[in-house]
Amino acid sequence: MPPTHTLQQTEAPAPAEAVAPLMRGIAVLRRLTDAGGTMSPSGIERATGLARSTVDRITATLARMDYVRLDGRDVTLAPRLMELGNAYLAALRLPSLLGGHADALADELDESVSLAVGDGDGIRFIHQATRRRAMSLSFRIGDLLPLERTAPGPLLAATWDPEEWEWWRTCRDGDPQGLAFPAVPARQPSHGQEFAKDFVARAERARHDGWALDDQLIEPGLVALAVPVRSPDGDVACLVSVVSHTSRHTAASLHDTLLPRTLVAAAAMEDALRQAPSAGAPDSPTALASWTGASKQELGREFIESLARGLTVLAAFGEGREALTLTDVARATGLARATARRALITLEHLGYVAAHDRAHRLTPRVLALGYPPLSRATLPQIAQPHLAALTHEVQDSASLAVLVGDDVQYTARVATRRIMNVNITVGTRFPAHATSMGRVLLAALPSAEREARLARSEPRALTPFTVTRPGPLGKVLDRVRDDGYALVDEELEVGLRSVSVPLRDRRGTVVAAVNVAMHSGSRSVRECVTDVLPRLRSAADRIEADLHITERYVRVPAM
């Protein structure tokens with residue numbers, strides 16, 4: 001059966017039972033995604049054609065769900081929105097089962113490797129292992145690329161029947177420049193017939209060869225090779241693609257040097273799918289209907305309950321919940337069956353849910369709801385709004401830092417507005433032993449590594465109060481590890497006092513520290529512990545919550 005094209009969906013009349021507020025809310029999220037994650041309310045109004053009052057109510061509802069942030073004049077996508085894309089990826093299971101193989105292939109070839117699945121007349125990336133180079137790739141997980149301009153595309157089209165080919169040509173005639181694919185440069189309309197003819201020939205070659213090449217079809221200099229990864233039933237589960245630049249490979253050399261190893265990797269991936277255990281037991285149902293009801297009661301007409309409930313239906317899927325009946329969805333969300341049914345009808349109309357034999361599954365299109373821009377977030381970007389909120393709350397500067405050698409390096413910072421302020425900029429480095437963030441990070445190291453670092457660095461006194469001797473410093477770090485925070489009083493600079501807590505990733509590893517710094521005259525040591533520390537810990541918890549959602553299927557750089 002031909003997949004459904006985005007343009008066809010938006011032009012097709014909505015079913016009578018479709019939830020209009022849900023459709024409008026999703027339209028806002030799509031526009032924000034295509035704009036890179038941030039737009040003004042007036043920009044959303046122009047892009048969607050919605051009334052300003054409707055835009056304000058939608059963004060207020062999404063902000064209540066922590067899916068967007070209202071930053072002054074702008075609306076910005078927030079990390080928690082990624083839970084929708086995470087639900088799709090968890091239900092699909094391919095990133096978890098095959099991501100390690102893709103990463104190993106990238107290391108072996110020293111080239112970027114992606115896993116992709118088909119979505120209508122395009123492909124979407126579900127996993128990426130990129131190489132950091134001056135000429136690096138800008139594609140992100142969730143980005144939609146046109147089939148005919150990629151290496152995986154011909155492999156997907158190789159099995160099409162005449163009806164599907166006719167459907168694809170209709171799609172291209174309706175969008176000759178490829179504007180439905182904002183992740184790639186627009187195509188010249190005059191090239192449409194040329195691309196169509198070439199794509200048919202490439203698909204035929206891919207059907208015969210079992211692999212396909214992209215020789216600078218996306219843009220000059222970019223070449224790629226793709227092979228299919230088949231599920232145990234013989235269908236294409238996904239496609240593994242190796243991407244390079246013409247300064248390193250031609251399309252011919254990709255075939256000659258990288259194809260054999262890529263085929264071996266694809267075979268290993270197929271073995272992994274055959275040997276994969278059954279999906280684990282699903283999480284306990286999370287009744288969200290009561291939360292949406294309480295939000296409606298608190299915010300009144302500014303909260304669009306039908307939008308919030310419709311989006312919670314997407315979040316109901318996941319590992320062990322890859323296919324849900326209407327009853328399953330109602331049970332998982334706490335929604336009435338009639339409400340869940342209308343939400344599913346709407347989501348199916350929009351292409352985010354596919355139904356077969358009473359079972360509903362998420363489609364790759366769910367990744368279009370914010371995943372591409374959010375998947376490239378760094379830890380400082382994730383932390384910045386929380387640091388700003390903390391600074392506003394305690395009226396002192398807040399910072400984020402990581403351990404670099406024997407120093408801490410500031411990677412994010414929000415300063416308070418005071419006549420006398422702690423003047424530190426992003427990129428500043430201080431000796432770790434004399435700072436509260438450094439001590440939090442040192443305390444998290446294995447004992448042997450910590451002792452080796454201290455012995456190698458020979459800590460020096462920066463003020464008369466700096467602890468430098470290995471014995472006392474080791475006891476201080478032991479106490480920091482046990483207490484879960486560090487307070488440093490005038491050891492880095494006389495008059496400077498700071499308190500810090502660790503930030504942990506999904507595995508529980510300490511990856512950074514966050515602090516509040518102040519002049520010693522503004523608060524006593526006791527007030528730092530009783531007044532500042534609880535707020536600091538709360539901010540750290542919020543940063544960790546966003547980090548854990550973001551890094552579930554992507555790598556989050558610490559700097």
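This chain uses plain numbering: 1 for the first residue, then up along the sequence.
- With contacts defined as side-chain heavy-atom distances shorter than 4.5 Å, the pair V499/V529 does not qualify.
- Heavy-atom minimum distance, H360 versus A355: CD2-CB, 3.7 Å.
- Under 3.5 Å, the side chains of T76 and D71 contain a donor-acceptor pair of N or O atoms.
- Side-chain contact check for L77 versus T33: some heavy-atom pair is nearer than 4.5 Å.
- If you take OG on S399 and CE on M437, they are separated by 5.0 Å, rounding to the nearest 0.5 Å.
- In this structure, S538 contributes its side chain and R535 its backbone to no donor-acceptor pair below 3.5 Å.
- The shortest side-chain heavy-atom distance between E527 and V532 does not fall under the 4.5 Å cut-off.
- Judged as a side-chain hydrogen bond (donor to acceptor under 3.5 Å, both in side chains), the pairs with a partner in residues 543-559 (not counting sequence neighbours) are, in order, R69-D546, D103-R555, H386-D546.
- Between E302 and R57 there is no salt bridge, since no side-chain nitrogen of the basic residue lies less than 4.0 Å from a carboxylate oxygen of the acidic one.
- One N or O on the side chain of T346 and one on the backbone of V19 form a donor-acceptor pair closer than 3.5 Å.
- A donor-acceptor pair is defined here as one N or O able to donate and one able to accept, closer than 3.5 Å; such a pair exists between the side chain of R31 and the backbone of A47.
- When all heavy atoms of P380 and T411 are compared, the pair lying nearest together is CB-O, 3.4 Å.
- For the pair L441/V408, a side-chain contact is recorded, criterion being any heavy-atom separation below 4.5 Å from C-beta on.
- No donor-acceptor pair under 3.5 Å is formed between the side chain of S112 and the backbone N or O of T130.
- Salt bridge absent: E305 and R64 never bring a charged side-chain N and a carboxylate O closer than 4.0 Å.
- Put simply, the side chain of Q381 gets close to the backbone of T378: a donor and an acceptor are under 3.5 Å apart.
- Inter-residue side-chain proximity for R309 and T333 is flagged as unmet; no heavy-atom pair is nearer than 4.5 Å.
- Side-chain contact check for L94 versus L273: some heavy-atom pair is nearer than 4.5 Å.
- Rounded to the nearest 0.5 angstrom, I543 CD1 and L390 CG are separated by 8.0 Å.
- Here the side chain of R337 pairs no donor or acceptor atom with the backbone of L326 at under 3.5 angstrom.
- Side-chain atoms of D505 come within 3.5 Å of backbone N or O of T509 as a donor-acceptor pair.
- Between atom CG of residue L22 and atom CZ of residue R24 there is a gap of 10.0 Å, rounded to the nearest 0.5 Å.
- Under a 3.5 Å cut-off, the side chain of E322 and the backbone N or O of E319 do not form any donor-acceptor pair.
- For the pair L145 and A183, the tightest heavy-atom approach, listed with the atom from each and the gap, is CD1-CB, 4.3 Å.
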Worked verdict on V394 versus T416 for side-chain contact (heavy atoms from CB on, under 4.5 Å):
CA-CA 9 Å; V394 301; T416 188; over 6 Å; no
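- Taking 4.0 Å as the cut-off between side-chain N and carboxylate O, D328 and R331 count as a salt-bridged pair.
- Residues passing the side-chain hydrogen bond (donor to acceptor under 3.5 Å, both in side chains) test with R274, sequence neighbours excluded: D271.
- At distances below 3.5 Å, at least one donor-acceptor pair connects side-chain atoms of R124 with backbone N or O atoms of G142.
- Considering all non-hydrogen atoms of both residues, L98 and C238 come closest at CD1-SG, 3.8 Å.
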L362 and Y352: side-chain contact (heavy atoms from CB on, under 4.5 Å), yes or no, with the steps?
CA-CA 6 Å; L362 298 184; Y352 298 96; 5.9 Å; no
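- The nearest pair of heavy atoms linking Y67 to L84 is OH-CD2, 3.6 Å.
- Comment: D478 engages R450 in a salt bridge, judged by a side-chain N to carboxylate O separation of less than 4.0 angstrom.
- Put simply, the side chain of V240 reaches to within 4.5 Å of the side chain of L105, judged on heavy atoms.
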T425 and Y410: side-chain contact (heavy atoms from CB on, under 4.5 Å), yes or no, with the steps?
CA-CA 7 Å; T425 59; Y410 284 68; over 6 Å; no
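- Taking CZ of R439 as the reference point, atom CG of L487 lies at 9.5 Å (rounded to 0.5 Å).
- With hydrogens and angles disregarded, no donor-acceptor distance shorter than 3.5 Å links the side chain of T428 to the backbone of I424.
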Report the C-alpha distance between D482 and R479 in whole Å, list the side-chain angles of each, state the deciding distance to 0.1 Å, and finish with yes or no for salt bridge (charged side-chain N to carboxylate O under 4.0 Å, His left out).
CA-CA 5 Å; D482 294 340; R479 187 167 64 250; over 6 Å; no
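- Looking at every heavy atom in both residues, R73 comes nearest to P41 through O-CD, 2.9 Å.
- Residues Y371 and V366 are not in side-chain contact: their nearest non-hydrogen atoms beyond the backbone lie 4.5 Å or more apart.
- A distance of 5.0 Å separates CE of M23 from CG of L350, quoted to the nearest 0.5 Å.
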Pair V501, V440 - check side-chain contact (heavy atoms from CB on, under 4.5 Å), show working.
CA-CA 6 Å; V501 296; V440 162; 5.7 Å; no
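- Note that CG of L445 and CD of E451 are 11.0 Å apart. Values are rounded to the nearest 0.5 Å.
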